[in-house]
Amino acid sequence: MGRTVTEKIIAAHLVEGEMRPGEQIAITIDQTLTQDATGTMAYLEFEAIGIDRVKTELSVSYVDHNLIQSDFRNADDHRFLQSVAARYGIHFSRPGNGICHQVHLERFARPGKTLLGSDSHTPTAGGCGMLAMGAGGLDVAMAMAGQPFYLRMPQVVGIRLTGRLGPWVSAKDVILELLRRLSVKGGVGKVMEYFGPGVATLSVTDRGAIANLGTELGATGTVFPSDDVTRRFLEAQGRIGDWEPLEADADAEYAEVIEIDLSNLEPMIACPSSPDNVVPVREVAGRPVSQVIIGSCANSSYRDIAVAALALDGKSVHPFVSFEINPGSRQVLENADADGLLRKLIHAGARIHQSGCLGCIGMGQAPATGTISLRTFTRNFPGRSGTKEDQVYLCSPETAVAAAITGVITDPRELGEAPAVKTPEKLIINDVGIIPPPEDGSNVEVVRGPNIKPLPDFDPLPEDLEAEVLLKVEDNITTDHIMPAGSKILPLRSNIPAISEHVFTAVDPGFPARAKGCGRAGMIVGGENYGQGSSREHAALAPRYLGVRVKLVKSFARIHKANLINFGIVPLVFRESADYERLNQGDRVVIKGLKKALLSGAESISVTLPSGEEVEAVMELSQRDRELLAKGGLLNWVKEKLGS
Ligand code: MIC
Ligand code: SF4
């Protein structure tokens with residue numbers, strides 16, 4: 001039987017397991033990326049593993065999240081990251097050089113390769129024909145140390161594109177339409193692989209935008225073929241040598257095929273406060289907006305900036321709107337400048353920022369109270385913008401610029417003729433923002449500021465677990481609920497004792513004190529898709545520091561579940577969803593023989609409630625997961641294994 005692109009890449013990297021959906025497999029990782037907010041921890045973990053130089057083909061450390069330097073902490077972290085990169089053989093992308101995913105697509109993505117990144121939007125590079133996945137920092141540290149990456153063999157879903165996008169409709173509308181159809185849980189356990197005649201009508205950065213938001217479907221990854229469009233993209237990047245063709249075999253079989261006729265799509269928008277709360281723009285047209293931002297790893301490529309500049313040509317930004325541009329990379333910024341696009345934007349009244357994540361993770365750009373902010377970003381989870389009760393809508397650059405002109409949500413097709421955007425065949429390529437590592441870094445001194453605290457030690461799992469339900473939450477809880485970000489909390493990412501004071505405070509400000517004061521292990525009870533969103537391992541690490549040892553939910557999001565296992569928090573799933581009702585905050589429960597049950601491979605375990613009644617919990621865990629949990633986490637396990 002023929003193979004899909006995903007299966008071809010996995011087969012070429014497989015070192016353990018069988019390629020049957022749901023089975024645990026291990027694959028080798030060719031490239032890694034980290035960003036600063038997860039990277040400091042990832043490199044502390046890499047140092048703890050005790051390897052002298054990275055063993056990957058390429059590893060890159062980006063600084064793009066923590067750009068506001070309101071005190072010494074972020075600047076210290078940047079210096080630490082730069083010195084660690086030089087010490088261990090990692091490329092360093094400087095602050096202001098751009099968002100990791102945009103820069104990686106431009107400068108490093110290679111068809112047929114595997115990429116593991118400590119950021120959930122790493123699949124963006126799937127736009128260039130690679131299998132790119134997000135993971136926790138510790139998994140990325142392990143990959144840098146030459147260890148394979150463990151995952152469940154995904155189902156490969158085929159998305160067959162036909163037709164061609166109409167005027168004012170763009171890649172973002174394709175993925176918003178898919179989010180509308182499938183929801184934020186629709187991609188769990190799956191890789192979304194695009195094929196069909198419509199694929200050739202999309203540029204690599206358009207494909208990147210679609211692959212990027214595959215993360216919001218909960219998908220493990222998104223993969224596009226590598227074709228002539230990919231070849232031209234790499235040629236424009238001066239990297240023709242990195243190109244190779246890669247397509248699914250004609251008789252490849254997908255687990256399921258979803259059809260999308262691009263010609264039938266219209267401008268779409270995700271309403272507050274979930275990326276799958278999608279409707280056609282016309283249904284919410286007329287609502288006044290106070291802020292419009294084009295940026296983020298989803299939509300900040302040359303074409304996204306060009307659409308805005310050309311649509312604004314000869315017009316100006318509405319007086320009540322703050323219209324902001326966050327270019328995806330220095331390359332985008334430099335080329336937009338050379339082609340006169342920047343000038344048009346400045347002239348029309350746009351605010352131009354440096355390249356980086358900025359407002360997407362609440363690093364500035366918080367919207368005004370009670371007003372609507374329209375963004376081309378990835379996520380609109382409640383409060384993520386930095387403003388309480390925010391009203392953030394997610395849309396394409398076309399829809400964004402339309403609102404910037406009119407001051408209200410507007411279907412961009414009402415603006416008249418669509419601008420003809422042409423991405424230059426020859427780009428200005430300038431890697432001044434990327435510092436390659438020296439041949440031999442063994443003499444480089446790693447610089448540690450006072451904000452960088454050592455990793456806490458964690459004890460192994462006890463035989464029996466007595467725990468208190470510290471919190472009970474609903475469906476679709478995000479890692480932004482568990483471990484909030486934003487400009488005040490992000491600088492604490494390399495300081496676990498300090499950041500743990502913010503765990504769950506967005507949901508319940510009393511949580512950290514309660515966890516520390518309860519005198520026994522902590523337990524969280526949750527609903528479906530628990531832990532969706534970011535890859536931040538701090539959402540496992542910091543609760544673990546506060547004593548949380550077990551989570552019992554209806555279902556988990558992939559990366560968060562892996563992070564829980566890595567840090568020794570046992571992920572349990574209700575056998576009967578209805579049992580969720582039987583547990584309440586404050587309940588003291590006993591899980592007898594937990595460690596033994598784990599190690600013996602038992603499929604489930606009983607949780608004894610205060611009434612003496614029992615609830616059955618399933619342990620969907622591989623043998624490796626079980627051993628890590630018993631040891632108290634991956635770091636304990638690996639230190640033992642490598643004898644370091
Ligand atoms: C995000 O978009 O939520 C982030 C910030 O990029 C995170 C990573 C982090 O929390 O540092 C992600 O998506 O993984
Ligand atoms: Fe940065 Fe936002 Fe992309 Fe996360 S989603 S990497 S914060 S731009």
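Numbers for residues simply follow the sequence, beginning at 1. Order of appearance sets the numbers: ligands from 1, and atoms from 1 within every ligand.
- The CD1 atom of Ile27 sits 5.5 Å away from atom CG of Leu131, with the distance rounded to the nearest 0.5 Å.
- Below 30°, between 30° and 60°, or above 60°: for Tyr194 and Phe224 the angle between ring planes is below 30°, a parallel geometry.
- When only non-hydrogen protein atoms are considered, atom 1 (Fe) of ligand 2 lies nearest to Cys357 SG, 2.3 Å.
- For Cys297, the nearest N, O or S atom to atom 3 (Fe) of ligand 2 falls under 2.8 Å.
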Carefully, step by step, assess Thr478 and Gln532 under the rule side chain to side chain donor-acceptor pair (under 3.5 Å). CA-CA 5 Å; Thr478 73; Gln532 67 160 327; 6.0 Å; no
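- Below 4.0 Å from some heavy atom of Thr378 lie the following atoms of ligand 2, by number and element: 5 (S).
- Ion pairing of Glu47 with Arg87 is absent here, as no side-chain N (NZ or NE/NH1/NH2) approaches a carboxylate O to less than 4.0 Å.
- Of the protein's non-hydrogen atoms, Gln35 NE2, 3.1 Å is the one closest to atom 8 (C) of ligand 1.
- Closest protein heavy atom to atom 7 (C) of ligand 1: Ser534 OG, 3.2 Å.
- Residue Ala37 approaches ligand 1 through these ligand atoms, each under 4.0 Å from one of its heavy atoms: 11 (O).
- Side-chain atoms of Ser274 and Asn277 include no donor-acceptor pair closer than 3.5 Å.
- Remark: the backbone N or O of Phe72 is not paired with any side-chain donor or acceptor of Asn451 at under 3.5 angstrom.
- Considering backbone and side-chain atoms together, His65 places an N or O closer than 3.5 Å to an N or O of ligand 1.
- Atoms of ligand 1 found under 4.0 Å from any heavy atom of Asp119, numbered from 1 in the order shown, are 4 (C), 6 (O), 7 (C), 8 (C), 12 (C), 13 (O), 14 (O).
- Using a 4.0 Å cut-off between heavy atoms, His538 makes no contact with ligand 1 at all.
- Within the listing of ligand 2, atoms 6 (S) sit less than 4.0 angstrom from a heavy atom of Asp119.
- Looking at His101 against ligand 2, only its side chain comes within 4.0 Å, counting heavy atoms.
- Near His121, meaning under 4.0 Å from one of its heavy atoms, ligand 2 places the atoms 5 (S).
- Inclusion of Arg384 in the set of residues having an N or O under 3.5 Å from an N or O of ligand 1 is warranted.
- Contact annotation: the side chain of Asn529 never approaches that of Asp475 to less than 4.5 Å [non-hydrogen atoms, C-beta and beyond].
- Here the heavy atom of the protein found nearest to atom 13 (O) of ligand 1 is Ser120 OG, 2.5 Å.
- The protein non-hydrogen atom at the shortest distance from atom 2 (Fe) of ligand 2 is Cys360 SG, 2.3 Å.
- Within the structure, ligand 1 lacks Met483 among the residues with a heavy atom less than 4.0 angstrom away.
- Taking every heavy atom of Ser535 and a limit of under 4.0 angstrom, the matching atoms of ligand 1 come to 12 (C), 14 (O).
- In this structure, Arg536 pairs ionically with Asp480, as a charged nitrogen and a carboxylate oxygen lie closer than 4.0 Å.
- The side-chain heavy atoms of Arg493 and Asp77, taken from C-beta on, include no pair separated by under 4.5 Å.
- With distances taken over non-hydrogen atoms, the option nearest atom 11 (O) of ligand 1 out of Arg536, Glu537, Arg493 is Arg493.
- For the residue pair Thr32 / Ser59, a side-chain donor-acceptor distance below 3.5 Å is found, with atom types taken as modelled.
- Nearest non-hydrogen protein atom to atom 4 (Fe) of ligand 2 is His65 NE2, 3.8 Å.
- Between Ile434 and Phe108, the closest side-chain pair of non-hydrogen atoms falls below 4.5 Å.
- Contact check for Tyr545 versus Ile499: no side-chain heavy atoms found under the 4.5 Å cut-off.
- Listed by number with element, the atoms of ligand 1 under 4.0 angstrom from any heavy atom of Thr38 are 9 (C), 11 (O).
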